[in-house]
Amino acid sequence: MHDIKWIREYPDQFDAALGKRGLDPQASIILSLDEKHRATITEMQDLQQRRNDVAKEMGRVKSQGQDATALIEEGTALKSRLAVLEEQERTFKEHLQTILTTLPNCPKDDVPFGKNETDNKTMRVVGDLPKFSFDPRQHFDLGEALGLMDFDQAAVISGSRFVILKGALAKLERALAQFMLDTHTERFGYTEASVPLLVNDNSMFGTGQLPKFAEDSFKTQSHWLIATSEISMTNFLAQKIVEESDLPLRYTACTPCFRSEAGSAGKDTRGMLRQHQFYKVELVSLTHPDQSDAELERMANAAETILQELKLPYRVQLLCTGDMGFQSRKTYDLEVWLPGQNLYREISSCSTCGDFQARRMNGRFRTPETGGQKSKTQFVHTLNGSGLAVGRTLIAVLENYQQEDGSIRIPDVLVSYMGGLKEIRKS
RNA sequence: GGAGGGAUGGCUGAGCGGCUGAAAGCGGCGGUUUGCUAAACCGUUAUACGGUGUAAAGCCGUAUCGGGGGUUCGAAUCCCCCUCCCUCCGCCA
């Protein structure tokens, strides 16, 4: 959500920033609505003040047993006029809220302008691409040949975009998640969390899934299934005020993520690249506004470390304005090399949202009260990143570590997590 | 699922329909006292919005006692609905 005060002060910057997202200028519409809204508030408050005065006077008059008819009449008149103004105020406010909550976040200045992913900027390319003496196969061929990956029966059970992993592949998925969590908690100071997978409307609104992107998520009769644990963890600060000294707060969790993939019909239908349900290790940082820029780099580095440890080649893309998510001010995508597909595919997305989400969920911190300085409350900055998408990491391991006979070497860092297993091969 | 009880400021906890943005205590901050610390004493201490002013502060006002509606000239206080928490019973782990 946008700060109306900021828009009042810098309408041109606001329009320019959203213009980079391809939106028409909005400031003048917003500001004229804002002016009407405030005028109504002022008028309403004057009447409320009079109403309160009348009520107080009434108490005095009645206790003295005097006649209060005139006061009651005035009170009645005020009441009906107030009702009209209150209705008007509500209408303006709702209209304004609707606009402010459906506009995407302003991109930061260093985000390149662009229409789609072809305009993203490659920041760095890391790791050597593996060389094969044979044609590398795609992950689903490898998994099915091993007899440990079953899409057909998953379709019987649930439908398309689901998979069953068995044996060493199921274990590999768990090993990856565990390795990631251990790395983030032990090396990067994230606190592991176990979080609700079903959340309410407010939480979905807070992180920006609602109201605009309802169709991307699954809904039960009463709750939403999280599309990412970013939703649960960012909302750790919803409706809260923490001390400045508590920041930054860093959390990580491995959860299933549920996505309807409504807009992706027919896309990536083969294999487990795009599923309705997948595990993801998520990183969430809640920081002081001054720290969020550095925190984004730090977070990307934590995610990259996983790829480096797994010796998976990847590149880092700075997303252009046209490819960035609704809530983001700046996003790095990590793309891992998939030899079976012969291209880089997204495996992590690290974003800073500034105070966009904090404002929606009212997550704040308090500055300390010292000497003459009064304490103030301020919105925190929120960041989130995948560290990493477990399913896609599994794909990357299969494709990069495949051997000519269809067996899979286990990356060194995972061997202990696999109970000493060094290779997966058909039994 | 059934029956009760509850939700008040950072925390604990009062609150008769008007004099309650809200007693009291604790905590926090500032000060006095003190060789230092402690204690004691004095003062101060919610959030959001609007207006004014602006470098900031300040000042004036409005709203907020879990959320939403209602009754009333006037609601923390009365009524209705919802959410959450607690206790007991049942049910399932």
Side-chain angles (χ1 to χ4, degrees), chain A residues 1-10 30-97 99-101 195-196 198-206 210 219-224 232 235-247 249 289 355 357-380:
Chain A
M1 182 145 73
H2 293 281
D3 181 4
I4 184 70
K5 287 183 186 162
W6 190 82
I7 301 174
R8 271 179 217 151
E9 208 158 340
Y10 306 103
I30 292 171
L31 290 181
S32 78
L33 202 53
D34 175 52
E35 243 166 71
K36 286 188 229 165
H37 180 231
R38 280 189 294 161
T40 309
I41 287 178
T42 305
E43 196 181 344
M44 194 175 81
Q45 290 185 344
D46 286 345
L47 290 189
Q48 284 169 331
Q49 182 178 1
R50 182 62 197 151
R51 177 196 63 191
N52 292 345
D53 290 344
V54 167
K56 269 181 191 158
E57 182 63 17
M58 177 87 57
R60 216 168 299 138
V61 167
K62 277 216 162 175
S63 67
Q64 291 169 7
Q66 296 170 347
D67 176 49
T69 317
L71 286 173
I72 291 178
E73 273 171 16
E74 181 171 6
T76 310
L78 283 169
K79 193 165 138 174
S80 58
R81 282 173 62 199
L82 262 173
V84 174
L85 281 175
E86 277 166 10
E87 176 58 34
Q88 204 178 91
E89 191 270 341
R90 193 177 316 147
T91 306
F92 284 136
K93 186 180 176 176
E94 275 167 13
H95 193 171
L96 205 51
Q97 289 289 98
I99 295 175
L100 291 178
T101 57
V195 303
L198 296 168
V199 299
N200 60 25
D201 290 354
N202 282 344
S203 300
M204 291 285 281
F205 177 83
L210 291 180
K219 194 181 188 337
T220 70
Q221 290 174 329
S222 54
H223 292 82
W224 298 87
S232 304
N235 274 291
F236 281 6
L237 245 52
Q239 326 278 343
K240 280 187 69 157
I241 303 177
V242 297
E243 298 302 323
E244 185 175 28
S245 57
D246 293 335
L247 302 177
L249 291 164
D355 64 6
Q357 293 178 320
R359 196 177 290 284
R360 286 173 159 251
M361 65 181 67
N362 206 14
R364 293 170 291 172
F365 69 93
R366 191 192 310 278
T367 61
E369 183 179 333
T370 48
Q373 277 287 315
K374 281 189 107 177
S375 90
K376 279 196 301 198
T377 56
Q378 242 184 97
F379 291 111
V380 299

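Chain A is the first sequence line, chain B the second, and so forth, proteins listed ahead of strands; every chain is numbered from 1.
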Please give the stem ranges for RNA chain B, sorted by first residue number, where a stem is three or more consecutive Watson-Crick or G-U pairs and both donor-acceptor distances are under 3.5 Å.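 Stems for RNA chain B, defined as runs of 3 or more consecutive pairs: B:1-7 with B:83-89, B:10-12 with B:24-26, B:27-32 with B:40-45, B:46-52 with B:58-64, B:66-70 with B:78-82.
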For [N] versus [M], give the span between their [atom1] atoms, rounded off to a whole number of Å.
{"N": "B:G31", "M": "B:C85", "atom1": "P", "result": "44 Å"}
{"N": "B:C26", "M": "B:G21", "atom1": "P", "result": "24 Å"}
{"N": "B:A46", "M": "B:A76", "atom1": "C1'", "result": "16 Å"}
{"N": "B:G67", "M": "B:A7", "atom1": "C1'", "result": "11 Å"}
{"N": "B:C60", "M": "B:G6", "atom1": "C1'", "result": "39 Å"}
{"N": "B:C81", "M": "B:U64", "atom1": "P", "result": "22 Å"}
{"N": "B:G5", "M": "B:A63", "atom1": "P", "result": "32 Å"}
{"N": "B:U32", "M": "B:A22", "atom1": "C1'", "result": "30 Å"}

When the distance from [atom1] of [X] to [atom2] of [N] is rounded to whole Å, what number comes out?
{"X": "A:Q239", "N": "B:G10", "atom1": "CD", "atom2": "P", "result": "14 Å"}
{"X": "A:D34", "N": "B:G51", "atom1": "CG", "atom2": "C1'", "result": "14 Å"}
{"X": "A:E86", "N": "B:G50", "atom1": "CD", "atom2": "P", "result": "17 Å"}
{"X": "A:R366", "N": "B:U45", "atom1": "CZ", "atom2": "P", "result": "14 Å"}
{"X": "A:L82", "N": "B:U62", "atom1": "CG", "atom2": "P", "result": "12 Å"}
{"X": "A:N200", "N": "B:U83", "atom1": "CG", "atom2": "C1'", "result": "10 Å"}
{"X": "A:Q378", "N": "B:A48", "atom1": "CD", "atom2": "P", "result": "11 Å"}
{"X": "A:F379", "N": "B:U47", "atom1": "CZ", "atom2": "P", "result": "13 Å"}

On RNA chain B, does the nearest nucleotide to A:R90 precede the nearest nucleotide to A:K56 from the 5' side, or the other way round? Give the residue. A:K56
Toward the 5' end of RNA chain B, which comes first, A:N362 or A:Q48, by nearest nucleotide?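 First, find each residue's nearest nucleotide; the 5'-ward one identifies A:N362.
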Test side chain to side chain contact (heavy atoms under 4.5 Å, CB included) applied to A:T101 and A:F205, step by step: CA-CA 9 Å; A:T101 57; A:F205 177 83; 3.4 Å; yes
Is the shortest heavy-atom distance from the side chain of [X] to the side chain of [Y] under 4.5 Å?
{"X": "A:V199", "Y": "A:N235", "result": "no"}
{"X": "A:F92", "Y": "A:I41", "result": "no"}
{"X": "A:L249", "Y": "A:V380", "result": "no"}

Could I get the full list of side-chain contact (heavy atoms from CB on, under 4.5 Å) partners for A:R364, not counting sequence neighbours?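 side-chain contact (heavy atoms from CB on, under 4.5 Å) check on A:R364 returns A:I241, A:N362, A:T377, A:F379.
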Who are the side-chain contact (heavy atoms from CB on, under 4.5 Å) partners of A:R8, not counting sequence neighbours?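 Per chain and number, A:R8 pairs via side-chain contact (heavy atoms from CB on, under 4.5 Å) with A:I4, A:K5, A:L31, A:D34, A:R38.
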In short, side-chain hydrogen bond (donor to acceptor under 3.5 Å, both in side chains) pairs touching residues 45-58 of chain A with sequence neighbours left out are A:R50-A:E74, A:E57-A:R60
What salt bridge (Lys or Arg N to Asp or Glu O under 4.0 Å) pairs are there with at least one residue in residues 83-93 of chain A, not counting sequence neighbours? A:E87-A:R90
Are OP1 or OP2 of [N] and a side-chain N or O of [X] less than 4.0 angstrom apart?
{"X": "A:K5", "N": "B:C49", "value": "yes"}
{"X": "A:T377", "N": "B:A48", "value": "yes"}
{"X": "A:R38", "N": "B:C49", "value": "no"}

Hey, does A:R8 reach any base, or is it just sugar-phosphate, or nothing, if we go heavy atoms under 4.0 Å?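 A:R8: backbone/sugar contact only, no base atoms under 4.0 Å.
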Looking for any heavy atom pair under 4.0 Å, which part of the strands does A:R50 touch: base, sugar-phosphate only, or nothing?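 It contacts nothing in the nucleic acid.
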Could you check A:N202 against A:M361 for side chain to side chain contact (heavy atoms under 4.5 Å, CB included), going step by step and ending with a plain yes or no? CA-CA 8 Å; A:N202 282 344; A:M361 65 181 67; over 6 Å; no
Other residues, nucleotides, ligands: >12 heavy atoms within 6.0 Å of A:H95 NE2: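 Not more than 12 within 6.0 Å, no.
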Does the protein touch nucleotides 73-79 of chain B at the base, only the backbone, or not at all? Give it as B, S and - per nucleotide, heavy atoms under 4.0 Å. BS-----
As a test of reading the structure: which of B:G51, B:A48, B:A63 is closest to the side chain of A:T42, going by heavy atoms? B:G51
Less than 3.5 Å between a donor and an acceptor, one on the side chain of A:Q49 and one on the base of B:G61, is that the case here?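 A donor-acceptor contact between them is absent.
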Side chain to side chain contact (heavy atoms under 4.5 Å, CB included) assessment of A:T220 paired with A:L198: CA-CA 9 Å; A:T220 70; A:L198 296 168; 3.9 Å; yes
